Amino acid sequence: MVMTDKSDNNWVSFSDIMTVLMVIFLFIAISYIMEVQKRQAQRDEIFEEFKATKEELYNELDSVFKADFQKWEVKLDKDLSIKFTNPDVLFNSGKKDIRPYFAKILDSFLPRYFNVLLQEKYKDKISEIRIEGHTDAVPAPLFDNDPYIGNILLSQYRSTEVLKYFRNMEYYKTLSD
């Protein structure tokens, strides 16, 4: 008859428990890694779709406006920002009122711009459109005694004037019908 030490049995049971725990943690780790890879693949897919949409939208805007952008001194960047590069066309220095020539540009630009953006293929892909106003370095005391604050306010008023101009256009009124 062979005698066994009871302390050996305890270690065998403890090592079995540790093995089971290790296997459980291994499955948890594998599951976590698979979930991380799945999320990364989803992010990659969203990013690729975003990139493709951005490129398609850039090409379409460039195609629709190429000749006009040269004439109007407008730059379309790859990030889809549209910049009117000749400030003399837009507003008088220190003023918020849209100049008549800029109003004519907006009359032509805005309906065509929104006709592109409001296509069904972009419906769920565009989350915002920003209108930014800018000023020169000349203080704008009409809006605030602090030159910095005055120019910030003037910038905001200018972008607001463009938005108001758009919302008062007949084209805009047809959108809300």
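For clarity, every value in this text was computed on a predicted model and none was experimentally measured.
Pairing each heavy atom of Met169 with each of Leu106, the nearest pair is CE-O, 4.0 Å. The minimum heavy-atom distance linking Val116 with Tyr122 is given by the pair O-CD1, 3.3 Å. Scanning both residues, Leu142 and Lys95, for their nearest heavy atoms gives CD1-NZ, 3.9 Å. Glu132 and Ser159 get closest at one heavy-atom pair: C-CB, 3.9 Å.
The aromatic rings of Phe65 and Phe69 lie parallel to each other, with less than 30° between the two planes, well short of the 60° mark.
Atom NZ of Lys121 is surrounded by more than 12 heavy atoms from other residues, nucleotides or ligands within 6.0 Å. Atom CZ of Phe50 has 12 or fewer heavy atoms from other residues, nucleotides or ligands within 6.0 Å.
Evaluation of the ring pair (Phe, Tyr, Trp, His ring centres under 6.0 Å) rule for Tyr58 yields no partner, not counting sequence neighbours. Residues satisfying the ring pair (Phe, Tyr, Trp, His ring centres under 6.0 Å) test with Tyr113, not counting sequence neighbours, are Phe109.
Put simply, Val74 and Phe91 are part of the same group of oily side chains (I, L, V, M, F, W, Y) that touch within less than 4.5 Å, one to the next. Residues Ile46 and Leu80 are members of separate hydrophobic clusters, defined by side-chain heavy-atom contacts under 4.5 angstrom among Ile, Leu, Val, Met, Phe, Trp and Tyr.
Taken from CD1 in Ile126 to CG in Leu117, the straight-line distance is 4.5 Å, to the nearest 0.5 Å. Taken from CG in Leu175 to CG in Leu118, the straight-line distance is 6.0 Å, to the nearest 0.5 Å.
Of the possible donor and acceptor atoms, one in the side chain of Thr19 sits under 3.5 Å from a partner among the backbone N and O of Ser15. At distances below 3.5 Å, at least one donor-acceptor pair connects side-chain atoms of Asp136 with backbone N or O atoms of Val138. Side-chain atoms of Thr53 come within 3.5 Å of backbone N or O of Glu49 as a donor-acceptor pair. In this structure a side-chain-to-backbone donor-acceptor pair under 3.5 Å is missing from Thr135 to Ser155. Judged by distance alone, the side chain of Ser63 and the main-chain N or O of Asn59 form no donor-acceptor pair under 3.5 Å.
In summary, of the residues considered (Phe102, Trp72, Tyr101), a ring-ring contact (aromatic ring centres under 6.0 Å, His included) with Phe84 occurs for Phe102 alone.
With salt bridges taken as basic N to acidic carboxylate O contacts below 4.0 Å, one links Glu161 and Lys164. Salt bridge Arg112/Asp68: present, at least one basic N to carboxylate O contact under 4.0 Å. Look at Lys104 and Asp107 and you find no salt bridge, because none of the NZ, NE, NH1 or NH2 atoms lies under 4.0 Å from a carboxylate O. At a threshold of 4.0 Å, the pair Lys51-Glu55 does not count as salt-bridged, since none of the basic side-chain nitrogens sits closer than that to a carboxylate oxygen.
Side chains of Arg43 and Gln40: a donor-acceptor N/O pair is present below 3.5 angstrom, by distance only. Gln37 and Tyr32 share no side-chain donor-acceptor pair at under 3.5 Å.
Aromatic pair Tyr172/Phe114: centroids not less than 6.0 angstrom apart.
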